[in-house]
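Note on naming: letters A, B, ... go to the chains in the order of the sequence lines (proteins, then strands), and numbering restarts at 1 for each one. In what follows, every heavy atom counts, from backbone to side chain, and hydrogens, waters and symmetry copies are set aside.
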Number of protein chains: 2
Amino acid sequence: MMIGEVAEKSGFSVHTLRYYEKIGLLPTSHRDGGGRRSYDDDVLRWLEFLSRLKDLGMPIRDRVLYARLRTEGDSTIEARRRLLQTYRDALAKRVISLTETLDVLDAKIASYDTTGTPLKGPRK
Amino acid sequence: MMIGEVAEKSGFSVHTLRYYEKIGLLPTSHRDGGGRRSYDDDVLRWLEFLSRLKDLGMPIRDRVLYARLRTEGDSTIEARRRLLQTYRDALAKRVISLTETLDVLDAKIASYDTTGTPLKGPRK
DNA sequence: GCTTGACTTAGAGCACGCTCTAGCCCCTAG
DNA sequence: CTAGGGGCTAGAGCGTGCTCTAAGTCAAGC
């Protein structure tokens, strides 16, 4: 696969993929005869996982750290586990908080719908 | 209340509160004799709501829009409802997606814990 | 053999959302 | 009456994470 196809399938832009390689989120690519990057399917699964880490709010430097640990092999498994655990716990709290926010919004929207104004009625 | 107390109670910095006023997220403050901003308790509830909107991912320009609509009175209620509804729906999807991510992380962490390595065993 | 289009690099530029600095003023306590 | 701890303004600066540009190379089809 050339980089354009990876971009299309992963949802990351070509620019972003090269940037990710430069900062160490993607391993140094194999090159074809003409010097172009050549990928196999594994990269798509890795990018999907990276995009989850990004989406849950892990900053790029910790994604880079995780990527680096991964390349260093089995001896870093415990460190990787701890890193993921930290973000997992933060995420669990975040999901709870966002669920509360969903309720707050629903209440607000309902107050707009039913009274025509949230300021009339028994206070708010 | 002076700005320092609002900062302490709301969790936003003094700098940020002045910035929020400048861009229209907070209404123009009343001033005391010496030209200092003077707030009443309402601002804390508004800041708490703003911080929820921020937390769910509403960009600052839409928070400013919402704040502006609010100052324009009841005629903007329908517009405000639509704005909140849009972000509410996106948030609902996001909560689902983050919940999936939580499962993915738990599975990954479990694989680290039980096998000592995620690469051994029946293929990952 | 030439055009087209996807690829290459290094490095500049950008949007967002603050965050901080400089130089000033004002109020209160000792 | 002075020191200290707020507060004030305008505007510069910054961290994050891309995003884009310029100038060039390469491979395949007509």
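Formation of a donor-acceptor pair under 3.5 Å by the B:Thr16 side chain with backbone atoms of B:Phe12 is not found in this model.
Closest contact between the side chain of A:Arg31 and the listed nucleotides C:dT9, D:dG17, D:dC8 involves C:dT9. Comparing C:dC18, D:dG7, C:dT9 against the side chain of B:Arg36 picks out D:dG7 as the nearest. The listed nucleotides are D:dC8, D:dT19, C:dC7; the one nearest the side chain of B:Arg18 is D:dC8. Residue B:Arg63 has its side chain nearest to C:dC18 when only C:dC7, D:dG17, C:dC18 are considered. The side chain of B:Tyr19 sits closest to C:dT19 out of D:dG17, C:dT8, C:dT19. The A:Ile60 side chain lies nearest to D:dG17 when the options are C:dT21, D:dG17, C:dC7. Distances were taken from every side-chain heavy atom of A:Lys54 (C-beta onward) to each of C:dC18, D:dC8, D:dC18; the shortest belongs to D:dC18.
Between the C1' atom of C:dT8 and the CD atom of A:Glu21 lies a distance of 11 Å, rounded to the nearest Å. With rounding to whole Å, A:Arg61 atom CZ is found 16 Å from D:dC18 atom C1'. Atom NE2 of A:His15 and atom C1' of C:dA6 are 12 Å apart (whole Å). One interatomic measurement links the two molecules: CG of B:Leu26 to P of C:dC18, which rounds to 12 Å at whole-angstrom precision. The NE2-C1' distance, from B:His30 to D:dG7, rounds to 18 Å in whole Å. If you measure from atom CZ of A:Arg37 to atom P of C:dT9, you get 4 Å, rounded to the nearest angstrom. As rounded to whole Å, 15 Å separates atom P of C:dC16 from atom CE of B:Met58. Atom-to-atom, CE of B:Met2 to P of C:dT28 comes out at 9 Å; the value is rounded to the nearest Å.
A 4.5 Å side-chain heavy-atom check between A:Leu47 and A:Leu25 finds every atom pair outside the cut-off.
The residue B:Phe12 sits apart from the nucleic acid: no heavy atom pair falls under 4.0 Å. Across all strands, B:Ile3 comes closer than 4.0 Å only to sugar-phosphate atoms, never to a base (heavy-atom distances).
From B:Tyr39, atom OH reaches atom OG of B:Ser10 across 9.5 Å, with rounding to the nearest 0.5 Å.
Around the CD atom of A:Glu48, the shell of radius 6.0 Å holds no more than 12 heavy atoms that belong to other residues, nucleotides or ligands. No more than 12 heavy-atom neighbours from other residues, nucleotides or ligands sit within 6.0 angstrom of CD on A:Glu8.
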